[in-house]
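One structure is given below, encoded as structure tokens.
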Amino acid sequence: QVQLVESGGGLVQPGGSLRLSCAASGSIFSINGMGWYRQAAGMQRDLVANINIGGSANYADSVKGRFTISRDNAKNTVYLQMNSLKPEDTAVYYCKYEGLKTTYVKKGVNYWGNGILVTVSS
């Protein structure tokens, strides 16, 4: 059974920084893409950033230059460093793993974390 656990969220003042982590547990063989999405209250869930197995990253225009996504394949973990945070970054942040293969299931499956709240407020 694969589980994704997010950590690092919380309350931060505008201009501050947070680092989100998402770690996958289970008999994982490989993971293709990793990404972060966010959903503000009453809004749809949108892509924040993603990174492929080769390390190429893609960012939403609203976070370019402020957020950095990275991954540690040995730890099956993806990170999101968020700097210069703004009130409009307030949302529940979800990690998503794409094309995850386990030692028992070789067909790639997508998994979502349960979400973690980030609140940017003074």
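Across all their heavy atoms, Ala40 and Ala91 have their closest contact at N-CB, 3.8 Å. The two residues Ser122 and Pro14 make their nearest non-hydrogen contact at N-CD, 3.7 Å. Nearest heavy-atom pair across Asn83 and Ser17 is OD1-OG, 2.9 Å. Residues Ser70 and Val78 come closest through the heavy atom pair O-CG2, 3.3 Å. The nearest pair of heavy atoms linking Lys64 to Asp61 is NZ-OD1, 3.1 Å.
The hydrophobic clustering, which links ILVMFWY residues whose side-chain heavy atoms are closer than 4.5 Å, places Met34 and Trp112 apart. Placement of Val2 and Phe29 in two distinct hydrophobic clusters is found when ILVMFWY residues are connected by side-chain heavy-atom separations under 4.5 Å, directly or transitively. No single ILVMFWY cluster, assembled from side-chain heavy atoms under 4.5 Å apart, contains both Ile69 and Val92. The same ILVMFWY cluster, assembled from side-chain heavy atoms under 4.5 Å apart, contains both Val48 and Val120.
The neighbour count for Asn114 CG, taken as heavy atoms of other residues, nucleotides or ligands under 6.0 Å away, does not exceed 12. Crowding of Lys106 atom NZ: a count of heavy atoms from other residues, nucleotides or ligands under 6.0 Å exceeding 12. Surrounding CD of Gln39 are more than 12 heavy atoms belonging to other residues, nucleotides or ligands, all under 6.0 Å away.
A distance-only check finds a donor-acceptor pair linking the side chain of Asn110 to the backbone of Gly99 [under 3.5 Å]. Side-chain atoms of Tyr59 never come within 3.5 Å of backbone atoms of Gly65 as a donor-acceptor pair (strictly under, hydrogens ignored). A distance-only check finds no donor-acceptor pair linking the side chain of Ser56 to the backbone of Gly54 [under 3.5 Å].
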Q | Stepwise side-chain contact (heavy atoms from CB on, under 4.5 Å) test for Leu85 and Leu18 | A | CA-CA 8 Å; Leu85 282 160; Leu18 283 175; 4.2 Å; yes
(Q) Assess the residue pair Leu20 and Val118 against the criterion (side-chain contact (heavy atoms from CB on, under 4.5 Å)); give the C-alpha distance rounded to whole Å, side-chain angles, the decisive distance to 0.1 Å, and a yes or no. (A) CA-CA 9 Å; Leu20 303 183; Val118 171; 4.0 Å; yes
Q.
I'd like to know whether Ser121 forms a side-chain contact (heavy atoms from CB on, under 4.5 Å) with Leu11, so could you lay out the CA-CA distance, the side-chain angles of the two residues, the decisive distance to 0.1 Å, and finally the verdict.
A. CA-CA 7 Å; Ser121 176; Leu11 173 65; 4.2 Å; yes
Q: Could you give me the CA-CA distance, side-chain angles and deciding distance for Lys86 and Asp89, then say whether salt bridge (Lys or Arg N to Asp or Glu O under 4.0 Å) is met?
A: CA-CA 5 Å; Lys86 304 175 181 180; Asp89 294 318; over 6 Å; no
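Glu6 places a side-chain heavy atom less than 4.5 Å from the side chain of Trp36. A heavy-atom distance below 4.5 Å is not found between the side chains of Leu47 and Lys96.
Note that CD1 of Ile31 is 4.5 Å distant from CG of Leu100, once rounded to the nearest 0.5 Å. In this structure, the separation between CD on Glu88 and OG1 on Thr90 is 8.5 Å, given to the nearest 0.5 Å. Atom OH of Tyr97 and atom CG of Asn32 lie 13.0 Å apart (nearest 0.5 Å). Here the straight-line distance linking atom SG of Cys95 with atom CG of Leu80 works out to 10.5 Å at 0.5 Å rounding. Atoms OG and NZ, on Ser27 and Lys101 in that order, are 16.0 Å from each other to the nearest 0.5 Å. We find the CG-CG distance between Asn58 and Asn52 to be 9.5 Å, quoted to the nearest 0.5 Å.
Aromatic ring pairs are classed by plane angle as parallel below 30°, tilted from 30° to 60° and perpendicular above 60°; the pair Tyr93 and Phe67 is tilted.
For Arg19 and Tyr79, the positive end sits near the middle of the six-membered ring, less than 6.0 Å away and at most 45° from its axis. A cation-pi geometry, defined here as NZ or CZ lying under 6.0 Å from the six-membered ring centre and within 45° of its normal, does not hold between Arg38 and Tyr94.
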